[in-house]
Amino acid sequence: MTGVSELVVDAILAAARVAARVCVRVQGESTLSGVPESKTGDEPVTIADYAAQAILLHTIARVAPTHSILAEESSAHLRGQGEATRLRVRDLVADALGESLSFDAVCAHIDHAGTDADYAWAIDPIDGTRGFIRRDQYCVAVALLHRGAPVLSVLACPNLAHDPATPTGPRGVLFHAIRGQGAFATPLEGGAPRRIHVRDVTDPSAMRILASVETAHGDPALIDRVVRELRLGGLVRMDSQVKYGALARGDGEIYVRPRNRPDRRENVWDHAPGVLLVEEAGGKATDIDGKPLDFATGRKMLNNRGIVVSHGPAHAKLLEALRTAEGD
Ligand code: AMP
Ligand code: MG
């Protein structure tokens, strides 16, 4: 029993669609200069990050007001921006929700928080903000955790092709998964959900590994050693949890996120949505030591280092290759 009602599932899928539309709108503008300074020195943030978070939390406050929230953004940095930026975020949210809203009301949505710790929403309003700014891959990422276990997840991926064989064809995919009920892909603009499954492939030379575009987010030399050691067939670089969506529908078989600094701990919202999707599609996820992923330690995954995701058959060999490569 996950406690996820159809009403909650439908509401969060609709909210992710609306948030993604706002991202598409902002990305379509000639400049993406909404919030000029970065938030913490190395993590960029745009007006679309704030607008998308306000939209998602507006919905959660309505359908699950007591649930607690683990979300990437807060209004503090936005409140310090110039008036044009603040009003632009307000207008994006007001337009998307079809409501007239004050800037303070938008900030209240961004900062919404419940107190029921049994249920927590992990939210990255734009996962892969650097990809978003480059006009590459990014996604709106949401997971509902019940006592630390993801039970519902949504990844809205506006720039992902419907059909991987036609990368320049129609784009926009909405992935979702419900614990015990499977993983699904729906065109972002609407349509019937299609059940998805990882690809059934056992020959390493037919397997493709997915990795970050941002070299600072990983360890490209280590990935190269693993590709050579396992004689993998290809390497695809892609931003954000779109990698999990790609793996879940069979566009790749392996995703390795090595720990690039000894003290680096992953954010729960950067993995909980993708992990449930891949598991429900028949795949597997652990940390780099083969330990189960622990999403019950608040905003950061304190008990894991690195992330290793696969379609299954190669997982043990992959962990072994990583151990060997790390020792080199
Ligand atoms: P990706 O697009 O897969 O490279 O991952 C994007 C996510 O990486 C962002 O949402 C950030 O939370 C996270 N991130 C930012 N800096 C680092 C870092 N130095 N190492 C690992 N992940 C990072
Ligand atoms: Mg992120």
Side-chain angles (χ1 to χ4, degrees), residues 127-128 130-131 134 136-139 155 157 159-161 163-168 173 175 183 185 196-261 264 266 270-271 273-293 304-328:
D127 182 26
R130 288 177 195 277
R134 267 191 266 104
D136 283 340
Q137 296 297 338
Y138 67 97
C139 61
L155 295 179
C157 310
N159 284 345
L160 185 66
D163 177 2
T166 320
T168 53
V173 179
F175 293 106
I196 54 168
H197 205 273
V198 294
R199 197 161 72 108
D200 184 14
V201 45
T202 50
D203 173 5
S205 70
M207 293 178 196
R208 294 143 304 168
I209 186 166
L210 302 156
S212 288
V213 176
E214 297 292 331
T215 49
H217 294 180
D219 182 343
L222 183 70
I223 303 275
D224 286 346
R225 283 204 291 279
V226 170
V227 170
R228 278 201 307 275
E229 166 88 13
L230 294 178
R231 298 173 196 278
L232 298 174
L235 169 66
V236 183
R237 297 201 182 280
M238 201 183 266
D239 297 285
S240 83
Q241 284 169 85
V242 174
K243 289 187 278 298
Y244 283 97
L247 200 153
R249 72 173 188 180
D251 307 355
E253 288 67 40
I254 291 168
Y255 167 26
V256 174
R257 195 174 186 90
R259 191 176 63 164
N260 65 347
R261 288 198 316 256
R264 170 82 197 173
E266 297 288 334
D270 281 334
H271 299 287
V275 165
L276 179 64
L277 186 77
V278 162
E279 288 178 348
E280 285 297 318
K284 202 174 159 58
T286 64
D287 74 2
I288 216 162
D289 300 313
K291 277 169 55 183
L293 299 176
N304 297 113
R305 55 168 212 138
I307 308 274
V308 179
V309 189
S310 80
H311 67 318
H315 208 88
K317 276 221 164 68
L318 183 58
L319 292 170
E320 202 183 298
L322 280 161
R323 258 194 307 278
T324 311
E326 274 197 319
D328 283 355

Practice task
May I ask you to check whether H271 and E266 show a side-chain donor-acceptor distance below 3.5 Å?
Solution key: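 Short answer, yes.
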Exercise for the section: Please check if any side-chain donor atom of Q241 sits under 3.5 Å from a side-chain acceptor atom of D127, or the reverse. Expected result: yes
Closest contact, heavy atoms only, [X] versus [Y]:
| X | Y | result |
| --- | --- | --- |
| R257 | S212 | NH1-OG, 3.4 Å |
| L293 | A285 | CD1-CB, 3.9 Å |
| L247 | H311 | CD2-N, 4.0 Å |
| P292 | N304 | O-ND2, 3.0 Å |
| V173 | A185 | CG1-CB, 4.0 Å |
| C139 | C157 | CB-SG, 3.9 Å |

Practice task
Please round to the nearest 0.5 Å and tell me the distance separating atom CG of L210 and atom CE of M207.
Solution key: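 Rounded to the nearest 0.5 Å, the CG-CE separation comes out at 13.0 Å.
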Within the structure provided, determine whether [X] and [Y] are in side-chain contact (heavy-atom separation under 4.5 Å).
| X | Y | result |
| --- | --- | --- |
| L322 | P258 | no |
| L160 | F175 | yes |
| P164 | R249 | yes |
| I288 | I307 | no |
| K291 | T286 | no |
| L235 | D224 | yes |
| R208 | L232 | no |

State plainly whether the residues [X] and [Y] are in salt-bridge range, i.e. N to O under 4.0 Å.
| X | Y | result |
| --- | --- | --- |
| D136 | R134 | yes |
| E253 | K284 | no |
| D239 | R130 | no |

Handout entry: Identified side chain to side chain contact (heavy atoms under 4.5 Å, CB included) partner of L318 from the options S310, P313, P204
Key =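 For L318, the side chain to side chain contact (heavy atoms under 4.5 Å, CB included) check succeeds only for S310.
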Problem - Partners meeting side chain to side chain contact (heavy atoms under 4.5 Å, CB included) with D163 (sequence neighbours left out) - result: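 With sequence neighbours excluded, D163 shows a side chain to side chain contact (heavy atoms under 4.5 Å, CB included) to A165, T166, given in chain and number order.
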Problem - ring-ring contact (aromatic ring centres under 6.0 Å, His included) against Y138, all qualifying residues, sequence neighbours excluded - result: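 In terms of ring-ring contact (aromatic ring centres under 6.0 Å, His included), with neighbours along the sequence ignored, Y138 is linked to F132.
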Practice task
Answer yes or no: is there a donor N or O on one side and an acceptor on the other, between the side chain of K243 and the main chain of M238, under 3.5 Å?
Solution key: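 Confirmed, K243 side chain pairs with M238 backbone.
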Handout entry: Residue pairs involving residues 227-238 (criterion salt bridge (charged side-chain N to carboxylate O under 4.0 Å, His left out); sequence neighbours excluded)
Key =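 Sorted pair list comes back empty.
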Problem - Step-by-step side chain to side chain contact (heavy atoms under 4.5 Å, CB included) determination, L155 to V242 - result: CA-CA 7 Å; L155 295 179; V242 174; over 6 Å; no
